[in-house]
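Side chains are part of it too, since the values below use all heavy atoms of this structure and drop only hydrogens, waters and symmetry mates.
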Amino acid sequence: MTATAAPRAAKAVGVTAVLVGLGSGLGFVRDLTLGTTFGADAETDAFLVAWTIPETAAPLLIEGAMAFVLVPLFSRALEAGDDLRKLVSATMPALCLALAALSAVTAAAAPWLVGVLAPGIPRADLAVGCMRLTSMTILTFGLAGYLSAALRAQHTFAPPAAIYLAYNAGIVGCVWALSGQGAFGAAVGVAVGGVAMVAVQAPAFALRLGRSRRAPGDGPAGGVALSWGVFVPVAVFTLARQCQVFIERYVGSSLPAGSISHLNYGQKLSQVAMVVSLIAATVSFPRLARAIAAGDGATARRTLLADLVAAAAIVLLATAVLLVCARDVVTVLLRYGAFTEADAAATAGIMRVYVLGLLGQAVVGVVCRAYFCAARASWYPAVAMAAGLAVMAVLARPSWGVTGIAAANAAGITVTAVLLLVRLRTRIVALPLRGSAGPVGLLLLSATVAAAAGWAARAALAGLPQPVVLALTGAAITAVFCAVAVSTGALTTLTHPSGDTRWTRLRGGT
């Protein structure tokens with residue numbers, strides 16, 4: 001990274017972090033509003049089954065397949081000096097038509113989909129009505145993902161980072177305005193939020209596209225075009241990853257009413273850290289794509305290793321905090337209105353198990369990007385994800401309850417992470433084993449020591465108001481984690497971007 005590129009990258013990470021943080025904060029408000037307004041009952045379960053559609057569309061069409069395919073595509077076009085208007089005119093109309101058709105088919109198939117996803121749900125009628133509304137997100141999320149990829153490839157990160165702020169604002173606003181409609185009002189909010197995702201990016205996209213210079217030649221962007229051969233492997237991987245939620249909803253539908261809601265709240269709260277951990281990888285993805293396309297192995301290794309260590313540091317710190325403070329987090333954020341003490345206890349128990357898979361989730365989110373940077377996408381991530389799903393399907397038994405489902409989720413994604421890392425080193429990017437395992441191992445040690453200190457601090461603070469206990473315990477865990485990580489050199493990779501670290505010289509060797 002050049003001297004001028006580093007400040008730009010730092011600024012992009014900072015802006016993205018602020019906007020994603022605001023979006024995540026509003027996501028907390030959204031979950032708080034849903035929990036306190038509807039609690040955890042059959043009506044909430046019905047809405048969450050319908051929410052499976054946008055939950056599937058978001059990773060596929062925004063942060064997953066669409067980004068993994070289009071960011072490298074736009075990056076290669078920019079590297080070749082091509083006119084992006086040609087690429088947009090060749091890909092956007094057909095994509096919008098396909099997404100609109102898929103939205104319509106999904107809405108028509110809502111009764112069948114509800115029967116497949118949650119055959120034992122009590123309020124199937126409400127779930128069908130909500131799903132027909134949330135089906136709109138297939139079109140709006142797809143268009144939002146397209147705009148995000150085009151803007152990120154041109155190093156414009158603020159509008160894409162603001163999409164979840166706009167999305168959650170739409171949901172919260174509609175839940176408040178349509179509170180008399182119950183969970184159906186939340187489904188309206190999901191549809192409105194999807195439109196807001198597009199609206200917040202459209203002006204910047206139009207401006208950047210207008211500045212794109214024309215290039216000679218007849219083909220779209222000098223012959224760079226979107227093909228199904230590139231998209232399908234990425235889409236299959238993304239959908240396979242989302243099948244974790246399908247398994248949870250399917251098994252949870254046979255458990256007592258509210259089980260799906262408890263799983264949802266526990267997962268949403270625990271995965272905020274995973275989303276934040278991928279900010280650096282999101283900003284660096286265009287650089288990684290260009291490095292791999294150009295055969296610049298040194299830049300690719302440095303970029304990937306820095307992203308991996310940064311993500312591990314964030315999720316392992318969060319794991320330590322949530323293991324100790326899960327009940328405090330749930331109580332402070334959700335224990336109001338219709339959300340009962342029993343709901344808080346069930347959700348906290350699920351969170352403590354979910355967080356054991358956070359490192360695996362972050363590793364998969366970082367590493368899978370390297371597989372999709374080449375002109376021809378790899379099928380291996382989908383195979384690795386299928387292996388993880390098989391593990392989850394075997395372990396997720398109704399007799400083991402919601403905690404067993406969460407444990408199965410953590411085990412499955414960890415298996416996928418290991419499989420992706422093993423092949424990455426031999427086939428994609430020669431990531432040094434010592435250079436990656438060393439820092440992550442020390443971060444694991446830091447998290448373990450910090451969690452132990454947190455349990456001691458939590459016990460010493462017993463009797464104080466719960467928000468105060470949460471704040472002080474979280475601060476103690478963070479301080480101990482940072483102290484151990486710094487003293488052991490776990491973060492050396494991040495402080496030496498040139499790659500010359502105590503672990504390895506990234507230009508060679510393992």
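Side chain of T473 to main chain of L470: no donor-acceptor pair is present (N/O by atom type, distance under 3.5 Å, no hydrogens or angles). Judged by distance alone, with hydrogens and angles left aside, the side-chain atoms of R423 form no donor-acceptor pair with the main-chain N or O of L419 at under 3.5 Å. When atom types are taken as modelled, the side chain of D343 and the backbone of T340 share a donor-acceptor pair closer than 3.5 angstrom. Judged by distance alone, with hydrogens and angles left aside, the side-chain atoms of T156 form no donor-acceptor pair with the main-chain N or O of R152 at under 3.5 Å. Judged by distance alone, with hydrogens and angles left aside, the side-chain atoms of Q201 form a donor-acceptor pair with the main-chain N or O of S148 at under 3.5 Å. Listed for the S277 side chain is no donor-acceptor partner under 3.5 Å among the backbone atoms of I314. Judged purely by atom type and a 3.5 angstrom limit, Q242 uses its side chain to pair as donor or acceptor with the backbone of E55. Judged purely by atom type and a 3.5 angstrom limit, T416 uses its side chain to pair as donor or acceptor with the backbone of G412.
Note: F141 and Y167 meet the aromatic proximity criterion, with ring centroids under 6.0 Å apart.
No side-chain heavy atom of L143 sits under 4.5 Å from any side-chain heavy atom of L99. The shortest distance between side-chain heavy atoms of I163 and V200 falls below 4.5 Å. The shortest side-chain heavy-atom distance between L133 and V190 does not fall under the 4.5 Å cut-off. Side-chain contact check for M131 versus L113: some heavy-atom pair is nearer than 4.5 Å. No side-chain heavy atom of L316 sits less than 4.5 Å from a side-chain heavy atom of S446. Between R30 and L26 there is no side-chain heavy-atom pair separated by less than 4.5 Å. Between M351 and Q267 there is no side-chain heavy-atom pair separated by less than 4.5 Å. P398 is listed as a side-chain neighbour of L255, based on a closest heavy-atom distance under 4.5 Å.
Across every non-hydrogen atom of L304 and A370, the tightest pair is CD2-CB, 4.2 Å. The minimum heavy-atom distance linking A313 with L443 is given by the pair N-CD1, 3.7 Å. Residue G185 comes nearest to C174 through the heavy atom pair O-CB, 3.8 Å, listed as atom of the first residue, atom of the second, then distance. V198 and T140 get closest at one heavy-atom pair: CG2-O, 3.4 Å. The heavy-atom pair separating A457 from A476 by the smallest distance is CB-CB, 4.2 Å. Across all non-hydrogen atoms, the minimal contact from A273 to V315 is O-CG1, 4.0 Å.
Considering CD1 of I413 and OH of Y354, their distance stands at 12.0 Å, rounded to 0.5 Å. We find the CZ-OG1 distance between R241 and T238 to be 8.5 Å, quoted to the nearest 0.5 Å. Separation of atoms CE (M274) and CD (Q361) is listed at 5.0 Å; rounding is to 0.5 Å. Expressed to the nearest 0.5 Å, how far CG of L126 lies from CZ of F184 amounts to 8.5 Å. Between atom CG of residue L95 and atom CG of residue L139 there is a gap of 9.0 Å, rounded to the nearest 0.5 Å. One distance of note links NE2 of H262 with CG of D45; it measures 8.5 Å at 0.5 Å rounding.
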Subject >> Check against side-chain contact (heavy atoms from CB on, under 4.5 Å), V88 and Y146 >> reply: CA-CA 10 Å; V88 170; Y146 186 96; 3.7 Å; yes
**OP:** Kindly determine whether V236 and W379 satisfy side-chain contact (heavy atoms from CB on, under 4.5 Å), including the steps that lead there.
**Re:** CA-CA 8 Å; V236 170; W379 279 95; 3.8 Å; yes
**OP:** Evaluate side-chain contact (heavy atoms from CB on, under 4.5 Å) for V251 paired with I247, printing each intermediate quantity in order.
**Re:** CA-CA 6 Å; V251 178; I247 293 173; 4.2 Å; yes
**OP:** Could you check I405 against W400 for side-chain contact (heavy atoms from CB on, under 4.5 Å), going step by step and ending with a plain yes or no?
**Re:** CA-CA 7 Å; I405 295 174; W400 293 353; over 6 Å; no
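Classified by interplanar angle (parallel below 30°, tilted 30° to 60°, perpendicular above 60°), the ring pair Y371/Y380 is parallel.
More than 12 heavy atoms of other residues, nucleotides or ligands shown are found within 6.0 angstrom of CZ on F205. In this structure, M136 places its CE atom where only 12 or fewer heavy-atom neighbours from other residues, nucleotides or ligands lie under 6.0 Å away.
Partner of E248 under the side-chain hydrogen bond (donor to acceptor under 3.5 Å, both in side chains) criterion, out of T52, N409, N264: N409 alone.
Remark: R458 is not positioned above the aromatic ring of W455, lacking an NZ or CZ atom under 6.0 angstrom from the ring centre and at most 45 degrees off the axis.
Side-chain contact check for Q244 and R249: no donor-acceptor pair (N or O, by modelled atom type) lies under 3.5 Å.
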